[in-house]
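As a basis for the values below, the full set of heavy atoms in this structure was taken, side chains included, without hydrogen atoms, waters or symmetry mates. Chain letters run A, B, ... following the sequence lines, proteins first, then strands; residues in each count from 1. Since we're looking at a predicted model, the values are computed, not measured.
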2 protein chains.
Amino acid sequence: MQDNEKRTEDIDAVYNQMEVISRRAVARTRRMSAPLSFVEHSLLVFIDTTPGCRATDIAADLQLNRSTISRQLTTLTDLGLVEYTSGNDAGRRRALRLTERGRQLRERSVEAQRGVVTSRLEEWSVEEIASFAAALARFNAGPEEPDRV
Amino acid sequence: MQDNEKRTEDIDAVYNQMEVISRRAVARTRRMSAPLSFVEHSLLVFIDTTPGCRATDIAADLQLNRSTISRQLTTLTDLGLVEYTSGNDAGRRRALRLTERGRQLRERSVEAQRGVVTSRLEEWSVEEIASFAAALARFNAGPEEPDRV
DNA sequence: TGGTTATGTTGCATAGTGCAACAATTTCTC
DNA sequence: GAGAAATTGTTGCACTATGCAACATAACCA
């Protein structure tokens, strides 16, 4: 088999496996994120993993309309899970963070979901896991498509 | 560093990278799947990748209620993208497949999304890609949580 | 400082969702 | 094969999520 054919075939395989990964992750989140909805959970994740982020950052990254983010943020602040770092609600470009309650909820969610990854990697050696982590990081370091706001 | 610490740290890293992968995939799908909605697209993907699947299979895998799947399938069959292999609409446990139109739409979507993966792997060697594909397949071969219907 | 751009909110209309109830198809047991 | 039990897909209902458009104004920039 030519290298180009092998390359294309394995790129296909990577793509297909990525499809499986994200499909399962979405389903798992649906299953595990109650009482939060899928998108509420997604906002918590993004805010937790992107220090100093703002509403338009979320909208761009999740590819949702700003109005959706505005409303979801209202829900999450009302629930006491998210707050503005400026301590007040006025103004624009306000940076967001999780509240203590938000962090606890997030940590419990991370534990539950990470448990799935942990059991998946049970039979892997330390070297294999390290290599896999490095490859994933390398893959994710690549650029994503231009944002739409 | 102890092997156990290293192991835990790299499992964390795998988990975090998986989170990024699925977040980006969801956003990309939202961006690229028009005129289909996110969930319509998800159904097409599942039907395409799971030959002979049925409504309850979809509901279980995507973790959506059976009524949601029923309604989404009505939409997709009305749009002429999905059909029943039995050729008639009556009965239960009917296997689903994409129509020719559905397959064309799916193929175009695959091409667009696979393009992102391809450019991400541009600087990778053939061996690195093959190794990555194998690791992903190995990871995904692990069991997912029990289903909920 | 004044003009321009970016930002978050709100109204509106539409789409998505789960629960419950149901009918009937299918499976299972004897 | 008959009848019971389980499974399956649909529908009504009420609620939730979403994007577009319009808007006010905060923030930026020359």
Closest-nucleotide ordering on DNA chain D, the 5'-leading residue of A:E40 and A:S67: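 Residue closer to the 5' terminus by nearest nucleotide: A:E40.
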Toward the 5' end of DNA chain D, by each residue's nearest nucleotide, B:L73 or A:V39: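 The residue closer to the strand's 5' end, by nearest nucleotide, is B:L73.
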Distance check needed: [N] [atom2] versus [X] [atom1], whole Å only.
| X | N | atom1 | atom2 | result |
| --- | --- | --- | --- | --- |
| A:L76 | D:dT16 | CG | P | 15 Å |
| A:N65 | C:dT9 | CG | P | 13 Å |
| B:R31 | D:dG19 | CZ | C1' | 17 Å |
| B:H41 | C:dG16 | NE2 | C1' | 18 Å |
| B:R93 | C:dT26 | CZ | C1' | 8 Å |
| A:Q72 | C:dG16 | CD | P | 16 Å |
| B:F38 | C:dG16 | CZ | P | 13 Å |
| A:L62 | D:dG19 | CG | C1' | 15 Å |

Short side-chain N/O contact to D:dT10 OP1/OP2 from B:S70, under 4.0 Å: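 For D:dT10, OP1 or OP2 has a side-chain N or O of B:S70 closer than 4.0 Å.
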B:T56 side chain near D:dG9 phosphate (N/O to OP1/OP2, under 4.0 Å):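 Yes, such a contact exists.
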No-H, no-angle donor-acceptor pair, A:R71 side chain to D:dG19 base, under 3.5 Å: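 Indeed there is one.
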Check: B:T68 side chain, C:dG16 base, donor-acceptor under 3.5 Å: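 There is none.
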From D:dT11, C:dA21, C:dG11, nucleotide with atom closest to B:R66 side chain: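 Per side-chain heavy atoms of B:R66, the pick is C:dA21.
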Given DNA chain C, 5'-ward residue of the pair A:T74 and B:S37, judged by closest heavy atom: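 It is A:T74, whose closest nucleotide lies nearer the 5' terminus.
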Any side-chain donor near an acceptor of the partner, A:R71 and A:S67, under 3.5 Å: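 Yes - a donor-acceptor pair under 3.5 Å links their side chains.
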Worked verdict on A:E100 versus A:R106 for salt bridge (charged side-chain N to carboxylate O under 4.0 Å, His left out): CA-CA 10 Å; A:E100 186 56 41; A:R106 164 82 171 132; over 6 Å; no
Pairwise distance CZ(A:F132) to CZ(B:F139) - rounded to 0.5 angstrom: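 Between atom CZ of A:F132 and atom CZ of B:F139 there are 5.5 Å.
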Student check: side-chain heavy atoms of A:Q113 and A:M32 closer than 4.5 Å: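 Answer yes - side chains close enough.
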A:D48 and A:R103: CA distance, side-chain angles, deciding distance, salt bridge (charged side-chain N to carboxylate O under 4.0 Å, His left out) verdict: CA-CA 8 Å; A:D48 188 35; A:R103 272 195 296 276; over 6 Å; no
